[in-house]
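Side chains included, hydrogens not; waters and symmetry mates left out as well; all remaining heavy atoms used. Here, residue 1 is the first one in the sequence, and each next residue gets the next number. All values derive from a computational prediction rather than experimental measurement.
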Amino acid sequence: MKNQYIMILIVALLVVGGIVYFAVGQKPATNGLPNVASNQEKNQGIESATLPNGAVADKDGFVRMPGEPSRGGNTYYVTGDVCEQFTIKYIEGLTGKNILRTSSVTPGSSVCQYFISEQNKNMMFQIDVGFLNVADQKAGQEFLGRKVERDSQIPMDNFVVYQENGLINKIYLVLGTEKFVGIDRSAADALTETEIMDLAIKLGNKLKDFK
């Protein structure tokens, strides 16, 4: 009889232990994977839902677009989606300006305008990606009587266009014979001479290995 009670007690303990384990000790299955979705949604401050398929956002806010399969390799390319690639976060970090909004000149345009003043709604500077012959661009600026010269401070192929009054009109960061990134002050007091050159230098550091 004593042995029977002992056996009943052991079985009871095993049953109670099993209930406690499944009710309290069991954790949801994760298949050994971290919570990837929550990390991707943050994506350094840029919602993953807004990124094109295959794009990656750097910590500074710059978006690396995927290369076309026909191009081959893993090289990143500057695209015509300027506002999406050169994000507000990224350009604010480069310029120190509080950017209120961005706007493409026209739908599908490869020009992005960055507006920086609540008082003057037209105060902005712009960045564009041009798919035009670079030599022709340079010759056209010279034809207009503007001084065109390379600036050694910018760490990639470039030329700077100066107006007749000596102020910078536009800076071209050359990516290829028919592709460039242009930085245009647009509003005379949006960026100072120092600020537009500083922006070009910082963009050059970022884009020097892009195509």
Notebook entry, point to check: Counting heavy atoms not belonging to Glu118, are there more than 12 under 6.0 Å from its CD?
Noted result: no

Notebook entry, point to check: Within a strict 4.5 Å, meaning less than it, do heavy atoms of the Val63 and Glu84 side chains meet?
Noted result: no

Item checked: Side-chain touch Arg150/Asp157, heavy atoms, less than 4.5 angstrom -> yes

Checklist line | Thr95 backbone acceptor or donor facing Glu195 side chain under 3.5 Å | finding: no

Note to self: Restricting to non-hydrogen atoms, name the atom on Lys202 and the atom on Tyr90 that form the minimum distance, rounded to 0.1 Å.
What the structure shows: O-OH, 4.4 Å

Margin query: So which atom in Met156 and which in Leu175 form the shortest heavy-atom distance, rounded to 0.1 Å?
Written below: CE-CD2, 3.8 Å

Item checked: Expected output: side-chain Glu92 to main-chain Asn98 donor-acceptor under 3.5 Å -> no

Check: Does any N or O in the side chain of Gln85 come within less than 3.5 Å of the main-chain N or O of Thr79, such that one atom is a donor and the other an acceptor?
Finding: yes

Margin query: With side chain to side chain contact (heavy atoms under 4.5 Å, CB included) as the test, pick out the partner of Phe62 among Val56, Leu207, Leu203.
Written below: Leu207

Next item on the list: Using a 4.5 Å cut-off on heavy atoms from C-beta on, say whether the side chain of Val181 contacts that of Ile127.
Entry: yes

Notebook entry, point to check: Considering only heavy atoms from C-beta outward, does the side chain of Val82 approach that of Gln126 to under 4.5 Å?
Noted result: no

Notebook entry, point to check: Does any non-hydrogen side-chain atom of Val134 lie less than 4.5 Å from one of Thr177?
Noted result: no

Notebook entry, point to check: Once you round to the nearest 0.5 Å, how far does OH of Tyr172 lie from CD of Gln141?
Noted result: 4.0 Å

